[in-house]
Colleague: 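Structure in structure tokens, see below.
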Number of protein chains: 2
Amino acid sequence: MNLNQLARTVRRATLAGAILTGTMLAQPGATPEFVNTLMPQPAQLTVGNGLLDISHGVAISFDKFHDDRLDNAVTWARERLQEQTGAMMQADAASLVISVDGAGEAVQGLDEDESYSLDVTPQGIHLHAATDVGAMRGLETLLQLVQSGDNSFWLPAVSIQDSPRFRWRGLMIDCSRHFEPVGVIERTLDGMAAVKMNVFHWHLTDDQGFRIESQIYPKLTGLGSDGQYYTQDQAREIVAYARGLGIRVVPEFDMPGHSTSWAVGYPDLASAAGPFTIERRFGVFDVVMDPTRESTYAFLDKFIGEMAAIFPDEYMHIGGDENNGAEWKQNARIQAFMTAHNLKDTAALQAYFNQKLLQILTKHGKKMIGWDEVLNPGLPKDVVVQSWRGFNSLAAGARQGYSGILSAGYYLDHMEPAAAHYRVDPLPANNNLTPEEAARILGGEACSWGEYVDPRTIDSRIWPRTAAIAERLWSPRTVTSEDDMYRRLAVESLRLEELGLTHISQEEASLRALAGTQQIDALRPLMAVLEPVNFDTRSHWSEAHGVTTLTPINQLVDALPPDPPSRHDFGDLMSTYLEDPVAHVEEEAALEDTFQSWVASPELMELMSSSPQLAAALPRAQQLAELGTLGREAVSYLSSGVPAPPGWKAQKLAFLDEAEQPVALTRFTVLKPLRDLVNEVK
Amino acid sequence: MNLNQLARTVRRATLAGAILTGTMLAQPGATPEFVNTLMPQPAQLTVGNGLLDISHGVAISFDKFHDDRLDNAVTWARERLQEQTGAMMQADAASLVISVDGAGEAVQGLDEDESYSLDVTPQGIHLHAATDVGAMRGLETLLQLVQSGDNSFWLPAVSIQDSPRFRWRGLMIDCSRHFEPVGVIERTLDGMAAVKMNVFHWHLTDDQGFRIESQIYPKLTGLGSDGQYYTQDQAREIVAYARGLGIRVVPEFDMPGHSTSWAVGYPDLASAAGPFTIERRFGVFDVVMDPTRESTYAFLDKFIGEMAAIFPDEYMHIGGDENNGAEWKQNARIQAFMTAHNLKDTAALQAYFNQKLLQILTKHGKKMIGWDEVLNPGLPKDVVVQSWRGFNSLAAGARQGYSGILSAGYYLDHMEPAAAHYRVDPLPANNNLTPEEAARILGGEACSWGEYVDPRTIDSRIWPRTAAIAERLWSPRTVTSEDDMYRRLAVESLRLEELGLTHISQEEASLRALAGTQQIDALRPLMAVLEPVNFDTRSHWSEAHGVTTLTPINQLVDALPPDPPSRHDFGDLMSTYLEDPVAHVEEEAALEDTFQSWVASPELMELMSSSPQLAAALPRAQQLAELGTLGREAVSYLSSGVPAPPGWKAQKLAFLDEAEQPVALTRFTVLKPLRDLVNEVK
């Protein structure tokens, strides 16, 4: 049994365990058995008796309102159902009746009603929602309910009442540090809709590139984008595409800092003298808008007005983060301005800037959202704060009357496991907020920063961990089982792949490219237990090696997805084994087979030498073989009850420490369980 | 050793063999060794001494002409080189100097000069071409020359003089029976350019759908396309995209038959009374334009004029195929017209139609190309005939003075192996044509008909077999080694994947979707030796099962690529083994390991039961296990020299016959070598 087969066994075991604990609900006295793979889990689900066979198709009708948007959503759901089941519509097709009260908001906002109820009985399906958007959420649930066996596709009899816990469930994509084509954005929106997310936060400008066409200020992209930007038509297309999925688009124009790309074409915006060039490095830079000149606000007024016509959302994100104030401090004219206006520090000057900016936004009918740093008592209460600092910062804002969303804990570029994100709750129990204050916590946003992401790898960085965050933001607070989350995530991952996302296939395609052959079986045991190092480690390495936005994203680390199945599956197996090493013979056998598969084969060593990118990780192959030996020895001591020879344990723990060190920007997923194992040895 | 590892061994062996026979050229006395994976092979290649290290990047400059198109082509080549090598440009980068004489034709035509010369020395690279297009061809060769080892990327010292054998090297895609989005077309064009093809033949209309916007006749797509069509802007974008790659776009508007989708919106075009609906079935239908009415020509005049403004190519394809004449025979008015005009049969009436159509094309500055049936002595000699009938038909045309291109033998939907296409030469040796006649054979076109192809599967149907056809059309006639072709095809396949084509990753993604799990290792041994049945078998099955354009393309057969590596690799292994079963112990061991991997595992049987689509192929799993047993027995008889028991051979041959029968539209790739094996047993 290798690790893949092991994973399946573990998955089935997890699944069986979940049935016993009632998380999944078997139909009383009926076969086949309904396996609940809904993600996010609905607010309420009751399983009824029997099932509805949909092998001959599903005939869909409306008994109340429908419009073009809903028609399109239904067509798409029908196509996906057909793709999934291959069912040709026949006379005895099952029936789905959709009752929708009305279209929903003309411009989707915070108060859009996303609730729905879904009832499946052996006689048919009934979906009810107040709005198009609620119906879309219900259709996604319906698609996730489909069960298959060797003879049919069917739906379990269920009654679902569902609505989101939080109103703002977003994903931010940084398209400045690396540009992402329209097709990438659209397939990401498909994935977001599948897990019921409702805000696409589009980070369109930063030091490294200005990505949205301005017809008033053509040099913004003309000089600030390397030709990689969205035309206004494309932006409108994406807004319309998102609306078709019940997703808002909140554009971000980061200012006054993170603004080098603006200054390339329009140096007068900046607080220091130009000329400026597009920033190629990563980090926090000095370039900052000049808040003392009226010309800055005249520029922003026209620009915001132009953007307001493209992006209908109520909110516009103005960034506001990481202004180091250096250029302000170095500019005598700005210093004089601060003195004259009684602005005691650069934070106060930025608050002044934000006040002026807010007037411009208000003039153009927009509310402001910004990162933590925008929070300032002088701002009105309808400003929304996006916190990269954490819940305490958010709660402090809520106490002052500000609404906020949480992003700390949801940074996808940190390369944390899904479980770590899953544990982060924007509104944890015992939060000490009044109900009124708590209501100001609107939700959260996963953040995909773009330093080390390109169009080929972005799906594998975003999905499927983001589905766990999506569940945290939609499902009741009490849905917290990590084992059950991973079980469902594995299924959701395949559904997302069916939608066209490449988060799974990208790894093998990249490995084929690196190895120069289609025969990469020998690489799999090693690659299955490697993942990218965390963000800090990669950043330090990148700085030391002169990595810029122009450096190709094509190292081994870029092929490896974060949090691969091995991390959870192996940990799970090990902890079960360690509960009773003598009695758990099945787990012992699975461990032994896994350790056996870690022995370095000649084929592996040959493949690892076939390109410089793989060769850089050659030590990992040798380490894995040693880990296999370590594992076999530990299991034999534990299972036999014989103590290890003197020094063995210290030596192995030292080796595990060594294996923690980054090699070629990769790390092992299995070290913690191995450490637990070694520590158990007497 | 499983079949994958086997394939690698065989590949290396093939490679070694090729070096010995001089197809590939080792550098005298130098390591590392240059492995020639160029596809298509160039007209002339001489290997020099030494190599050029490009690990620190390649600095590219022009020493003569360049324009926007060439700049873009160079940028793209630079990006791909960077993606491949991960090289950051450093001060000691290698140098590539590009000398181009001029832009090439304003509208690329048959006489475009595509030749180039490429010289690599340890001092640098020099690429010379008369035109942008020649330079693009040379850049593709350069990218294919890159070699890698564990410490560097490098180019061999070579001198290449290259130009195409044929001037017309096309790929036709049928976008009528199933629509293909713009992104699919563009990535296909990328693939075409990579293997030096130069004509994209765009089959835009057929009974099942009208796929190009007409602003003059909006009902063509309004009623005839289900909303799936290319806007004129998109068509122009694709034409521009293709020009950027040195590829012509020849649009096809199929008439007078295959025209149901025209008649849906404009029933007066047809020869029978309407109304008409979009055809959902496949086959040859009766709907045909009415060639007796002047209104038909008035319509076509305006339509062709509109299309001529979008498609600048010298040629316009008018289809002309498979008109069964039924509606003409059934229409008394048309019969009377034929009598009055002395047109003795429907072929004569179609020739009359073509003459009138030709006048329209000529008026709009276009030359005509059509399928075999258009060939008629009355037509002028600049009409080009595309032959689905074969070389003899083409040669007959050439003798009459007509130019032609070959498509018989290049039908990708026939599900033939690459080797079968590779053997088809548009101008075989001993062709009995005069040089003047031979010059009229312009080349050929691979054809991707759309009955059973959707956007998800199209890459796996087209690539990589098309690279073998591309080589046939570009390289000298003498390049015919199928073993060497397959060796290079395996590498080209990976390069095409790097371009963004999904022909490899689609199989695993589809298998994951069908199995409902990411752990599909247990499926691999079976799936590796299955491929789709041929076109006829699928057509008959589809007709019997009521398959239409609306039937989802999501059966197991759609996951399987035609001509997977197992077909050639296993055949190769078997024939080597059978040369001397006693002496060839290494091949014997490889065969035994392969047969062992064919034993049906419980995991395989479980996965095969997990969805109706896989369950339909369950008998294949059982048959594979039996084939494994058969193989092991045969090898043991042959290797030991012990004769088989009476009746064994007859029984096994009967079983092989049975295994030839289609199951779930799949067939085995390994039966012929197994039959050879059984036949050798005494």
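A, B, ... follow the sequence lines: proteins, then strands. Residue 1 opens every chain.
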Colleague: Considering the options A:R487, A:R495, A:Q144, which one meets the side-chain hydrogen bond (donor to acceptor under 3.5 Å, both in side chains) requirement together with A:T37?
Modeller: A:R495

Colleague: B:Q506 and B:T502: side-chain donor and acceptor closer than 3.5 Å?
Modeller: no

Colleague: By a 4.5 Å heavy-atom criterion (distance strictly below it), what part of B:E498 contacts chain A: side chain, backbone, both, or neither?
Modeller: both

Colleague: At a heavy-atom distance under 4.5 Å, which candidate from A:G183, A:S510, A:A509 has the highest pair count against chain B?
Modeller: A:A509

Colleague: Quick check on B:L494 against chain A: is it the side chain, the backbone, both or neither that has a heavy atom closer than 4.5 Å?
Modeller: side chain

Colleague: Looking just at side-chain N and O atoms, do B:D569 and B:Y486 make a donor-acceptor pair shorter than 3.5 Å?
Modeller: no

Colleague: Counting only non-hydrogen atoms closer than 4.5 Å, does B:E83 touch chain A with its backbone (N, CA, C, O), its side chain (CB onward), both, or neither?
Modeller: both

Colleague: Can any side-chain N or O of A:D593 pair as donor or acceptor with the backbone N or O of A:A590 at less than 3.5 Å?
Modeller: no

